[in-house]
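First comes the structure, then the notes that go with it.
Below, chains carry the letters A, B, ... as their sequence lines are ordered, and counting in each starts from 1.
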Protein chains: 2
Amino acid sequence: MSTDLKTEECCPPAKEEFVGPLHGEEAETELASFARALGHPIRVAILRILMKRQECICGELVEELPVAQSTVSQHLKKLKEARLIRGTVDGPRVCYCIEPQALDRFRKLFDATFTTEG
Amino acid sequence: MSTDLKTEECCPPAKEEFVGPLHGEEAETELASFARALGHPIRVAILRILMKRQECICGELVEELPVAQSTVSQHLKKLKEARLIRGTVDGPRVCYCIEPQALDRFRKLFDATFTTEG
DNA sequence: CCTCTTTATCGCCTATCGACGATAGACGGT
DNA sequence: ACCGTCTATCGTCGATAGGCGATAAAGAGG
């Protein structure tokens, strides 16, 4: 319970709440917003890497992706704006991780809109 | 079984095949492509209307949407390019319907990428 | 053939995206 | 304080998105 491991306190909490209607104009805008954030191969790749690694430093993403550091940073910004990921400052680094609740919310909106009983 | 009802033969068949890898660069591009198509509120609204109505004439969509006819037509074009919908010419009209297999494919790609066992 | 209806396309405009290099800002280590 | 490292932001550029009105294209019907 000591404060030795600062590198590990990135992802766990996730206190963001994803509530809101599942139908109507607002829901459609929210769904479209998530979809837009997913709408680029690099961003999908970032999320895939974060799924595999649980958490990840920006620099590690840059190593694995075929684009420049600044470009990765901009994609991270969009993912963060869509609340699909979270970034935690850890000294000079930033630790990124997925916001699972956002993926759940996206799935809920998708299902509510595109399932026959919806 | 006669050929009286031409207006009804829009959606049923759906012989498009959605096969391909669920992982890797190609899958990520395909997933991003679907997401991009979903990434606009009007296009989500179009799909929602088509879910409700089963099939729909372009003009009916225009009536329900707050944008011009030409704009609706362009959104329909993108949805068609993403193979999320299908359009069948019926005289001077065009009957649109959802391509359910595309939604299934999208969901499969999404799950394969963003589920913990994937 | 002409006309009406319906839909797609064109042209034009503004706004946003996506990429990059360069630079700034924040932190740790010496 | 001074570096070196890591990340975000800025400025720029070309490409694409998204909107509209106007126009073209295609079929139905007189």
Summary of protein contacts for nucleotides 8-16 of chain D, nucleotide by nucleotide, where a base hit scores B, a sugar-phosphate-only hit scores S (4.0 Å, heavy atoms): BB------S

Rounded to whole Å, CD1 of A:Ile57 lies from P of C:dC27 at a distance of 15 Å

Once the angle between the rings of B:Phe34 and B:Phe18 is folded into 0 to 90°, is it parallel (under 30°), tilted (30 to 60°) or perpendicular (over 60°)? tilted

Measure the distance from NE2 on B:His40 to C1' on C:dC17 and round it to the nearest whole Å. 14 Å

Decide yes or no for B:Leu38 and B:Phe106: does some side-chain heavy atom of the first lie under 4.5 Å from some side-chain heavy atom of the second? yes

Should A:Val62 and A:Ser73 count as side-chain neighbours, where that means a heavy-atom distance under 4.5 Å? no

Could you tell me whether a side-chain N or O of B:Ser33 sits under 3.5 Å from a main-chain N or O of B:Thr29, the two making a donor and an acceptor? no

Residues B:Arg107 and B:Asp111 bridged, charged N to O under 4.0 Å: yes

Are any non-hydrogen side-chain atoms of B:Lys78 and B:His40 less than 4.5 angstrom apart? no

Could you list the protein-to-nucleotides 24-30 of chain D atom pairs, N/O on both sides, closer than 3.5 Å?
none

Take atom CD in A:Glu64; do more than 12 heavy atoms of anything else shown fall under 6.0 Å from it? yes

Run the ring-centre check on A:Phe110 versus B:Phe110 and record whether the distance is less than 6.0 Å. no

Establish, with yes or no, whether the OP1 or OP2 oxygen of C:dA19 is under 4.0 angstrom from a side-chain nitrogen or oxygen of A:His75. yes

